[in-house]
2 protein chains.
Amino acid sequence: MGASETRQQIVDVADRLFYEHGFNATSFANIAKDVGLSRGNFYYHFKTKDEILDAVIARRMTNIRAMLDAWEQDAESPAERIRSFVHILITNRTKIMAHGCPIGTLCNELAKLDHAAKGDAARLFSLFHEWLARQFAALERETDADALALHILMRSQGVAALATAFHDDDFICREVADMEAWLQAQCPTASLPNSSQPA
Amino acid sequence: MGASETRQQIVDVADRLFYEHGFNATSFANIAKDVGLSRGNFYYHFKTKDEILDAVIARRMTNIRAMLDAWEQDAESPAERIRSFVHILITNRTKIMAHGCPIGTLCNELAKLDHAAKGDAARLFSLFHEWLARQFAALERETDADALALHILMRSQGVAALATAFHDDDFICREVADMEAWLQAQCPTASLPNSSQPA
DNA sequence: CGATGTTTAGGGCAATCGTCCTACGATAGC
DNA sequence: GCTATCGTAGGACGATTGCCCTAAACATCG
């Protein structure tokens, strides 16, 4: 097996373990076991644990970009695209109730560790933030698009946090519906399913 | 110095360190150094690290109860009390931007560690949830008091999460104002400052 | 085939982890 | 002054941490 494939595999496993158990609680040994490598051999692929973290953040960066691009293509309207974002709360609810939001929990942990990469982790949020702001701008809300985007990002974070604490399916669905209603109220000219189309 | 005073001091320091650096990242040695005790002597006061965690959660439990009781006494109306809750986001914004919400981040970490005390940590949220629900019930919203309470708790969690990631003072103030407006809209009969009193 | 460069396993490194024990200083009652 | 109890200091314990080295297996190519 080539080094780049192995490296990729390490990052895949590390990504999952960092999400499920946190960065600090995941050791070289844990990753090595799941990848099927010997502990000591890690040094060949990654000099330090922080290097793995950087690679994981970079991987998430590209994955998020790909997801946003897919929504950009699949959804017909900006409002539909925002709806796609909101709905990951329902799609991923099982994982969220178990381990929280992958980005939010990582940012929190790195902030507490005062880790050098905490700014890079926050950049993952910025990807969503800027993308959402572009959607709101397309909905004739150019002046407050940033604030609206931050607001919906904040709501999804809050839902994820309480979902982890309470494991309440109904709460998630209720808040998602509330976000959709809020979205509809913010952009009454936007076309949404189950709503009358503007003339 | 008596054992109970020392024990109390340990819990105080552990509470702060768990908040600032997380539970897992805080070692016996860290706590001992800040308290001014030798590492080994910890066994006399706490058999295990989990025991310290339990004591910290219990301490937070009583502190929160005291805070809620104080709001119950100081604020004149249920709406004013809810406002008191929302405003801790502004009062504690410096610490929140540095280390997040003490409860939310603890629940997230314990969930990832699959720790036995994760349910106890979630009970801290329940204290706020039930208290807020009582306030909404007093505002003639008995039927959906639970959902409203959970909604405002979710919002404060979301604000705390993004505040930690972005370190944005204006965002916090904006969202707090938005929560107050929402509160006003939910309970139009409630008396709030800077608003016309009902006839 | 032999030579060359890549990837691997295995283990050692000092440090730190949570836990536990024992011996000592202080205090108080008899 | 003697003894018993309380609180502490200091360090040992096995395990695990992140990190690093070495030697062998590997593939590739002249």
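Residue numbers begin at 1 in each chain, while the letters A, B, ... track the order of the sequences.
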Which residues satisfy the ring-ring contact (aromatic ring centres under 6.0 Å, His included) test with [X], sequence neighbours excluded?
X       : result
F125(A) : none
H99(B)  : Y19(B)
H115(B) : F23(B)

Starting at atom CD of Q8(B), determine the distance to atom P of dG7(D), rounded to an integer number of angstrom.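 In whole Å, dG7(D) P lies 15 Å from Q8(B) CD.
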
Within this structure, what is the NZ-to-P distance between K33(A) and dG18(D), rounded to whole angstrom?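 That distance rounds to 14 Å.
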
Kindly say if T6(B) contacts the phosphate of dG7(D), meaning a side-chain N or O under 4.0 Å from OP1 or OP2.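 Answer is no, no contact under 4.0 Å.
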
Tell me which pairs pass salt bridge (Lys or Arg N to Asp or Glu O under 4.0 Å) where either residue lies in residues 169-178 of chain B, with sequence neighbours left out.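 Sorted pair list: R93(B)-D169(B), R155(B)-D178(B).
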
Scan residues 24-45 of chain B for pairs that pass salt bridge (Lys or Arg N to Asp or Glu O under 4.0 Å), counting only residues two or more places apart or in two chains.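 Residue pairs passing salt bridge (Lys or Arg N to Asp or Glu O under 4.0 Å), neighbours aside: R16(B)-D34(B).
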
Within residues 43-53 of chain B, find the residues that approach DNA chain D with a heavy atom at under 4.0 Å, and present them sorted by residue number.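 Those residues whose heavy atoms fall under 4.0 Å from DNA chain D, taken from residues 43-53 of chain B in numerical order, are Y44(B), H45(B).
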
For residues 29-53 of chain B, which residue pairs pass the ring pair (Phe, Tyr, Trp, His ring centres under 6.0 Å) check, not counting sequence neighbours?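 Qualifying pairs, neighbours excluded: F28(B)-F42(B).
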
Pairs involving residues 135-179 of chain A, ordered by first then second residue, that meet ring pair (Phe, Tyr, Trp, His ring centres under 6.0 Å) (sequence neighbours left out):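 Applying ring pair (Phe, Tyr, Trp, His ring centres under 6.0 Å) to every pair that reaches into residues 135-179 of chain A, excluding sequence neighbours, yields H151(A)-W182(A).
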
Does some side-chain heavy atom of H87(A) sit less than 4.5 Å from a side-chain heavy atom of I90(A)?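 Side-chain contact under 4.5 Å: yes.
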
Who pairs with A163(A) by side chain to side chain contact (heavy atoms under 4.5 Å, CB included), at least two apart in sequence or on another chain?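 Only I96(A), M97(A), I172(A) meet the side chain to side chain contact (heavy atoms under 4.5 Å, CB included) criterion with A163(A).
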
Mind checking side chain to side chain contact (heavy atoms under 4.5 Å, CB included) for M61(A) and listing every partner two or more places apart, or none if nothing turns up?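 In terms of side chain to side chain contact (heavy atoms under 4.5 Å, CB included), with neighbours along the sequence ignored, M61(A) is linked to R65(A), R123(A), L124(A), L127(A).
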
Please list residues of residues 16-31 of chain A whose heavy atoms come under 4.0 Å from any atom in DNA chain C, ordered by number; otherwise none.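 Per residue number, the list is empty: none.
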
Could you run down the sub-3.5 Å N/O contacts of the protein with nucleotides 10-13 of chain D?
from, atom 1, to, atom 2, distance (Å)
dG10(D), O6, G40(B), O, 3.4
dG11(D), O6, G40(B), N, 3.3

